[in-house]
Each structure stands twice: as C-alpha cells, then as structure tokens.
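Working notes, beginning with the structure itself.
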Amino acid sequence: MIPKTMKACLLTAYNKLEIAEVPTPEPGPDEVLCRIRAVAICGTDPEIIKGNHAKKNWPPVFPFILGHEWAGEVISAGERVTEYKAGDRVAGEAHRGCGTCANCMTGHYTLCLNYGKSETGHRHYGFMVSGANCEYNVYSPKALHKIPDNLSFAHASLLDTAGVALHGIDMIGVSSGGTAAIWGPGPIGLCALQMIKGMGAARVIVVGRRHRLQVAGELGADFLVDYEKEDPVKRVLEITGGRGVDEIQECSGGANVLGQCVAALRKGGKINLIGFYDDPKVIFPPLTNLVMNEITVTGSRANPNVSDRALNMFAAGIVKGDKLISHVFPLEQYEKALDIFSNRKDGAIKVVIEP
Ligand SMILES: [Zn+2]
Ligand SMILES: [Zn+2]
C-alpha cells in the first residue's frame with residue numbers, strides 16, 4: 001500500500017526548512033513512482049537554500065522539495081513504462097531533457113534548449129521540479145539507472161557526484177601514462193582522482209588543503225599540494241620537470257585558481273572547469289597565454305551519458321564512493337545534516353539522508 005501522504009523536507013522560503021506531511025505524488029502514464037532510500041546533499045543545495053541561485057530560478061516556487069542525488073526503489077510504474085517494474089533498485093539523474101530539441105537529439109540533454117519548460121517534457125529534478133528530500137517522488141524512466149547489486153542505496157546516491165566528475169573527464173580525456181592534476185579535492189574532485197587513476201594516468205597531483213587533501217592521499221593521489229603552505233604552480237612545475245601537466249580538472253571554483261591552472265599546464269594541455277565562478281573577485285588568466293600555448297579550456301555541466309559507467313566504476317571498486325560518505329542522517333535531521341555538510345564539521349565530505 002502506498003500511503004496517501006509522506007514526509008518531506010520543504011524549503012518554504014530562503015533559509016527556511018520544514019519537515020511536513022504532504023500528499024504522495026502519483027506517477028503519470030510515462031512516469032515511475034520511487035521510494036527514496038538515500039539522498040546525498042550536494043554543494044548546490046545549501047546555495048539554493050540561501051537564495052544564491054535565485055537568478056537561475058532555483059527553486060521556481062515555494063514550498064519546494066530539493067534533493068537530486070538519490071537512490072531508491074521503484075514502487076509502481078505508469079502504464080506506458082516498459083523498462084522498470086516494482087522492486088527495481090535505481091539511482092537518479094537530475095536532468096531529463098525534452099528529448100526533441102537539437103541538443104537533446106545529439107545527447108547533450110543537460111544543455112536542453114527547452115530548459116525549464118515542463119510542457120516539453122523537460123525536468124530538472126530538485127532544481128526546477130520536486131526532488132528527493134522526501135519519501136516518494138515520481139521520475140521519468142529516462143532519469144533512472146538500475147544499480148548493481150553490490151551497491152548500497154547510500155553508495156548509489158553518490159552517482160550524481162561521480163557522474164559530474166566523469167563527464168568532466170569525458171570533455172578533455174586522460175593521457176594514459178601522463179600526469180594530471182585536480183584543483184579542489186571535494187567530493188567531485190575525489191571521484192575524478194580515482195577515475196583518472198583508473199583510466200591510466202601515471203601520476204595525479206591534487207591541490208587542496210586540510211582534511212580533504214589528506215583524504216585525496218588515502219584515495220591514491222601521487223602528490224598532495226597544500227596551497228596554504230606552498231605555491232601550487234611552482235610545485236606542479238617542479239613535479240613535472242618544468243613541463244606542466246597534461247590535463248587539469250578544476251573542481252574548486254576558487255577565485256584565483258584559473259590563472260594557476262593555465263600556468264601549471266603543459267603547452268597544448270587541457271583544462272576542464274567544473275566549479276561555479278560567480279565570485280566577483282575571480283581573476284581570469286591572460287588569454288594570449290591560451291593562444292600561444294594552445295590551451296584548451298572546456299566547461300562541463302552536470303552528468304549526461306555517464307551514469308551507467310559511473311555505477312560500474314563504483315561496483316568494480318575503481319571509485320570508492322562509499323569512502324566519501326562521512327555522515328548519514330534521517331530526514332528529520334536534515335538541518336543538522338546541512339549544517340555539518342556546509343560547515344565541513346567533523347571531517348564532512350558527503351552527507352547522506354535516509355528518508
Ligand atoms: Zn549535485
Ligand atoms: Zn531538449
């Protein structure tokens with residue numbers, strides 16, 4: 001029996017959260033009703049809560065249910081759904097493109113040209129439409145992936161994080177036998193580290209600080225560069241014999257890192273940006289350097305076309321997603337969980353809610 005109401009964590013205004021009993025959603029003919037078993041807090045969640053993404057229209061209404069990094073079970077499927085049935089263990093993607101625009105047609109559905117127009121079928125779960133900080137939600141089958149048997153729901157809820165890292169890597173590749181660097185050993189950077197090692201880079205340098213830098217060492221980084229103690233560019237050049245690294249995944253979003261990254265790349269090197277650079281103090285690198293050294297700079301948005309591979313990397317132990325889970329809380333303690341996550345208390349890396 002599916003209960004008529006469910007527990008949900010509502011954002012009722014900026015900086016105002018409330019655990020409430022709300023109607024359980026019902027799936028349309030093309031949708032699947034899922035029981036949310038685990039939902040990880042994403043770095044964007046506290047920013048949305050504070051109102052820092054109001055310009056992006058996240059969320060479009062109050063009250064709103066956030067949460068987009070989730071795993072759970074299929075409870076029931078609409079009459080036109082053929083791929084999923086009750087009992088399937090699944091993890092979600094936040095983006096579901098319209099499916100018919102030029103970008104969706106070429107697989108770039110996180111860049112859907114009908115973004116936010118739900119009448120076209122577009123969904124951005126937990127951003128533009130209801131998310132997973134609750135007991136049940138309805139999803140398009142296109143946003144679901146079956147999870148391997150050896151993964152817990154909590155582990156699988158890190159799919160979004162790992163997928164974002166993998167899409168960033170897809171943008172610029174990995175030089176097998178080469179040297180890569182990661183700026184920012186947060187959850188995405190720590191996934192990227194393990195993937196880049198798994199994909200054959202001979203050496204991975206991680207630039208960061210404190211606890212998270214130490215975790216990067218535990219997860220296989222070959223060189224740890226603490227930017228509070230040494231100049232990261234000087235150190236990277238030292239490690240690479242003055243040549244610079246082949247690729248950089250910039251996962252920090254730091255205001256002064258873009259110039260550092262360009263200076264730490266080899267000629268012809270590539271950098272992919274995963275952070276948000278909204279800080280008015282962001283310093284952009286001299287563009288002539290990009291031209292003279294044929295530096296490729298890409299940005300990568302979210303996690304299109306990577307989820308099954310990312311889940312396989314979890315299942316195979318190439319990416320130890322579970323090592324990133326520092327805390328688990330029930331839904332009722334969402335605010336406490338948010339505080340621990342946002343303020344990086346008690347060694348917090350990924351904080352997972354089990355509704
Ligand atoms: Zn996320
Ligand atoms: Zn589209």
Side-chain angles (χ1 to χ4, degrees), residues 9 11 30 36 38-50 52-53 56 58-59 64-72 91-133 137 139-140 142-145 154-168 184 186-192 249 251-253 273-276 299-307 310-311 314 319 321 324-326 334 337-338 341-342 348-353:
C9 178
L11 183 68
D30 297 306
I36 311 296
V39 52
I41 302 179
C42 174
T44 53
D45 291 326
E47 297 302 314
I48 294 173
I49 290 167
K50 283 186 262 178
N52 291 345
H53 288 304
K56 300 185 182 81
W58 301 342
F64 191 79
I65 302 175
L66 290 167
H68 60 275
E69 307 191 351
W70 69 277
E93 277 185 39
H95 288 264
R96 185 263 200 240
C98 74
T100 43
C101 76
N103 280 354
C104 284
M105 289 297 279
T106 49
H108 304 288
Y109 56 89
T110 62
L111 307 177
C112 177
L113 299 173
N114 288 314
Y115 185 89
K117 295 180 191 159
S118 59
E119 67 278 14
T120 67
H122 177 272
R123 299 284 185 276
H124 194 192
Y125 297 104
F127 292 83
M128 297 296 285
V129 299
S130 255
N133 289 346
N137 197 16
Y139 291 96
S140 162
K142 288 191 177 178
L144 300 180
H145 297 270
H155 195 165
S157 75
L158 267 62
L159 171 61
D160 180 278
T161 307
V164 170
L166 188 51
H167 179 47
I188 293 169
L190 291 170
C191 285
Q249 291 293 335
C251 310
S252 78
L273 309 177
I274 302 185
F276 283 150
S300 62
R301 177 168 190 180
N303 49 334
N305 311 308
V306 291
S307 292
L311 286 167
F314 282 157
V319 178
L324 306 182
I325 301 172
S326 56
Y334 186 86
L338 186 72
F341 174 77
S342 312
I349 299 180
K350 267 314 230 191
V351 176
V352 173
I353 305 290

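Everything quoted here is computed from the prediction, not taken from an experiment. Each ligand, and each atom within it, is numbered from 1 in the order the structure gives. As a basis for the values below, the full set of heavy atoms in this structure was taken, side chains included, without hydrogen atoms, waters or symmetry mates.
Proximity of a side-chain donor or acceptor of N137 to a complementary backbone N or O of A132 within less than 3.5 Å is not detected. The backbone N or O of I274 lies less than 3.5 Å from no partner atom in the side chain of S300, so there is not a single donor-acceptor pair.
The SG atom of C112 and the SG atom of C104 meet at the Zn ion (ligand 2) at an angle of about 110°, given to 10°.
Distances shorter than 2.8 Å separate the Zn ion (ligand 1) from the protein N/O/S atoms C42 SG, H68 NE2, E69 OE2, D160 OD1.
Rounding to the nearest 0.5 Å places SG of C112 at 8.5 Å from NZ of K117. With rounding to the nearest 0.5 Å, the separation of OG in S342 from CD in E47 is 8.0 Å. Once rounded to the nearest 0.5 Å, the distance linking OH of Y109 with CG of N303 reads 6.5 Å. Distance check, rounded to the nearest 0.5 Å: NE2 of H124 to CD of E93 gives 10.0 Å.
The heavy-atom pair separating P46 from F341 by the smallest distance is CG-CE2, 4.1 Å.
None of the N, O or S atoms belonging to H122 lies under 2.8 Å away from the Zn ion (ligand 2).
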